[in-house]
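Down below is the structure, laid out as structure tokens.
Please read all numbers here as calculations on a predicted model, not as lab measurements. For the single chain, residues carry numbers from 1 onward in sequence order.
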Amino acid sequence: MAPQVVLLTGASTGIGRSCADHLTARGYRVTGASRRAVNDVGWSPLVLVVDDDESVRRGVAQVVADHDGLDAVVLCAGWGLAGSVEQTPLSEARAQLETNFFGAVRVVVAALPALRQRRGKVILMSSIGGLIGIPFQAYYSASKFALEGWAEALALEVKPHGVQVTLVEPGNFRTDFTGSRRIVEVEGADPYADERTR
């Protein structure tokens with residue numbers, strides 16, 4: 001049998017990079033997608049911006065055309081936002097959900113026709129933040145709670161077509177995720193400073 005074809009988002013760093021390396025080492029044909037180009041990897045890199053409809057459409061179509069199909073998508077693209085609910089601008093809250101939730105939705109919707117043909121798999125990187133609300137990361141948690149509910153509904157819809165949906169809910173891992181988290185800027189007196197720092 002030919003190696004299974006996997007499209008993985010968020011492949012440039014962190015859990016996504018580890019998953020791309022791990023799957024490649026086990027013989028999968030991995031296309032690792034990220035918003036910035038990566039080099040010197042053992043898998044096929046692809047620039048794909050999950051926030052952009054056309055970028056996703058083109059990227060998924062390219063992978064399907066290059067490999068005559070698709071067996072799985074692994075959705076790891078995402079970022080963190082830290083700040084109090086009260087002080088987080090809605091523009092930043094929307095951006096958090098645009099990538100972490102709607103980014104996954106875009107890729108899955110684009111990939112489903114190919115996944116149905118091979119009775120494929122959808123693997124969604126959620127978080128412990130999709131099971132419990134994390135203080136000062138409410139919009140990150142909201143994006144993951146949304147992903148959880150959406151995935152559960154999706155699983156029921158695609159099961160008759162042989163497509164499996166899996167949620168992965170990791171806690172803290174040694175990656176650069178926390179260090180690269182966006183911090184909400186606060187001007188003036190901050191009533192949440194002590195709690196947020198702790």
Any side-chain donor near an acceptor of the partner, [X] and [Y], under 3.5 Å:
X: Arg119; Y: His161; answer: no
X: Trp79; Y: Thr99; answer: yes
X: Glu148; Y: Ser126; answer: yes

Which atoms form the tightest heavy-atom contact between [X] and [Y], and what is the distance?
X: Ala110; Y: Val60; value: O-CG1, 3.7 Å
X: Gly69; Y: Arg118; value: CA-NH2, 3.3 Å
X: Ala72; Y: Leu115; value: N-CD2, 3.7 Å
X: Leu70; Y: Val5; value: CD1-O, 3.8 Å
X: Asp71; Y: Pro3; value: OD2-O, 4.5 Å
X: Val165; Y: Ala151; value: CG1-O, 3.9 Å

Original post:
More than 12 heavy atoms of other residues, nucleotides or ligands under 6.0 Å from CD of Glu54: is that the case?
Top reply: yes

Subject >> Crowding at OH, Tyr28 (>12 non-hydrogen neighbours, <6.0 Å) >> reply: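 Incorrect, the count does not exceed 12.
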
Original post:
Looking at side-chain heavy atoms only, is the closest gap between Asp52 and Arg35 below 4.5 Å?
Top reply: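 A side-chain contact is absent here, since even the closest heavy-atom pair is not under 4.5 Å.
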
**OP:** Report yes if some heavy atom in the side chain of Lys121 is under 4.5 Å from a heavy atom in the side chain of Val6; otherwise report no.
**Re:**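 No, their side chains stay 4.5 Å or more apart.
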
Original post:
Taking NZ, NE, NH1 and NH2 as the nitrogens, is one of them in Asp53 or Arg106 under 4.0 Å from a carboxylate oxygen of the other?
Top reply: yes

Judged by atom type as modelled, is there a donor-acceptor pair below 3.5 Å linking the side chain of [X] to the main-chain atoms of [Y]?
X: Gln96; Y: Leu81; answer: yes
X: Lys159; Y: Leu154; answer: no
X: Thr24; Y: Trp43; answer: no
X: Ser141; Y: Gly130; answer: no
X: Ser34; Y: Gly10; answer: no
X: Ser143; Y: Tyr140; answer: yes

Original post:
Which of these, Leu8, Ile123, Val105, Val122, sits in a side chain to side chain contact (heavy atoms under 4.5 Å, CB included) with Leu75?
Top reply: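 Among Leu8, Ile123, Val105, Val122, the one meeting side chain to side chain contact (heavy atoms under 4.5 Å, CB included) with Leu75 is Val122.
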
Original post:
Val107 and Val50: side-chain contact (heavy atoms from CB on, under 4.5 Å), yes or no, with the steps?
Top reply: CA-CA 7 Å; Val107 175; Val50 298; 4.0 Å; yes

Interatomic spacing from [atom1] in [X] to [atom2] in [Y] - rounded to 0.5 Å:
X: Glu169; Y: Ser127; atom1: CD; atom2: OG; answer: 8.5 Å
X: Leu48; Y: Thr9; atom1: CG; atom2: OG1; answer: 8.0 Å
X: Arg29; Y: Ser44; atom1: CZ; atom2: OG; answer: 8.5 Å
X: Glu152; Y: Leu156; atom1: CD; atom2: CG; answer: 8.0 Å
X: Leu131; Y: Lys144; atom1: CG; atom2: NZ; answer: 11.5 Å
X: Arg58; Y: Leu46; atom1: CZ; atom2: CG; answer: 9.5 Å

hydrophobic_cluster_shared for [Y] and [X], side chain cutoff 4.5 Å:
X: Met125; Y: Trp150; result: no
X: Ile134; Y: Phe145; result: no
X: Leu147; Y: Ile128; result: no
X: Leu112; Y: Leu124; result: yes
X: Ile15; Y: Leu23; result: yes

**OP:** Kindly write out the residues that satisfy side chain to side chain contact (heavy atoms under 4.5 Å, CB included) with Ala146, not counting sequence neighbours, or none if the list is empty.
**Re:** Phe101

**OP:** Might you work through the side-chain contact (heavy atoms from CB on, under 4.5 Å) test for Val74 and Leu7, ending with a clear yes or no?
**Re:** CA-CA 6 Å; Val74 181; Leu7 170 60; over 6 Å; no

**OP:** Test side-chain contact (heavy atoms from CB on, under 4.5 Å) on Asp190 and Gln87 and set out the steps.
**Re:** CA-CA 9 Å; Asp190 183 359; Gln87 296 164 328; 3.0 Å; yes

**OP:** Please test Phe136 against Val85 for side-chain contact (heavy atoms from CB on, under 4.5 Å), starting from the C-alpha separation and ending with a verdict.
**Re:** CA-CA 7 Å; Phe136 301 101; Val85 168; over 6 Å; no

